[in-house]
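Following: one structure in structure tokens, then a few remarks.
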Amino acid sequence: MFRWILMLLLLAAGVSFAFYAGTGQAKYKRFGLVLLKWTLFSALGFFLVLVLERLA
């Protein structure tokens, strides 16, 4: 389930960048970058937990 949420968040960031490319409004670019940053942080945390579970 967490992987689906990550994929949807990445898709939302991509849509935001597409809106930026279409309109040129910087707010879409900022929102896409913030969304992408937090999505990547949460993905790294999720996979870190999986690796730690394997080691334990």
Side-chain angles (χ1 to χ4, degrees):
M1 181 165 162
F2 192 78
R3 291 178 189 168
W4 280 103
I5 293 171
L6 288 176
M7 292 303 293
L8 289 175
L9 287 171
L10 287 174
L11 179 66
V15 168
S16 180
F17 290 133
F19 281 164
Y20 170 69
T23 64
Q25 294 182 12
K27 67 179 179 178
Y28 294 119
K29 182 176 128 183
R30 276 193 310 271
F31 180 71
L33 287 174
V34 167
L35 194 59
L36 183 64
K37 177 181 72 170
W38 286 108
T39 301
L40 290 176
F41 281 148
S42 62
L44 287 173
F46 172 72
F47 290 116
L48 179 65
V49 167
L50 288 179
V51 168
L52 290 176
E53 283 181 354
R54 285 272 187 171
L55 294 175

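Hydrogens, waters and symmetry mates are skipped; everything else that's a heavy atom, side chains included, is used. Heads up: numbering here begins at 1 and tracks the sequence.
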(request) Look up atom CZ in Phe47 and atom CG in Leu52, then write down how far apart they are to the nearest 0.5 Å. (result) 13.5 Å

(request) Apply ring-ring contact (aromatic ring centres under 6.0 Å, His included) to Phe31 and list each qualifying residue two or more places apart in sequence or on a separate chain. (result) none

(message) Would you compute the distance between atom CG of Leu40 and atom CG of Leu9 and round it to the nearest 0.5 angstrom?
(response) 10.0 Å

(request) Locate the shortest heavy-atom distance separating Gln25 from Tyr20; write the atom from each residue and the value. (result) O-CD1, 3.0 Å

(message) Using 0.5 Å steps for rounding, measure from the OH atom of Tyr28 to the CG atom of Leu33.
(response) 15.0 Å

(message) How close do Ala13 and Gly32 get, counting heavy atoms only, and between which atoms?
(response) CB-O, 3.9 Å

(request) Decide yes or no for Leu55 and Val51: does some side-chain heavy atom of the first lie under 4.5 Å from some side-chain heavy atom of the second? (result) yes

(request) For the pair Ser42 (side chain) and Trp38 (backbone), establish whether a donor and an acceptor sit closer than 3.5 Å, ignoring hydrogens and angles. (result) yes

(message) To the closest 0.5 Å, what do you measure between CG (Leu11) and CG (Leu35)?
(response) 10.0 Å

(request) Report yes or no: does Thr39 contribute a side-chain atom to a donor-acceptor pair with the main-chain N or O of Leu10 at less than 3.5 Å? (result) no

(message) Nearest 0.5 Å, please: how far is CZ in Phe17 from CG in Leu36?
(response) 5.5 Å

(request) Could you walk me through whether Phe19 and Lys29 pass side-chain contact (heavy atoms from CB on, under 4.5 Å), step by step? (result) CA-CA 8 Å; Phe19 281 164; Lys29 182 176 128 183; over 6 Å; no

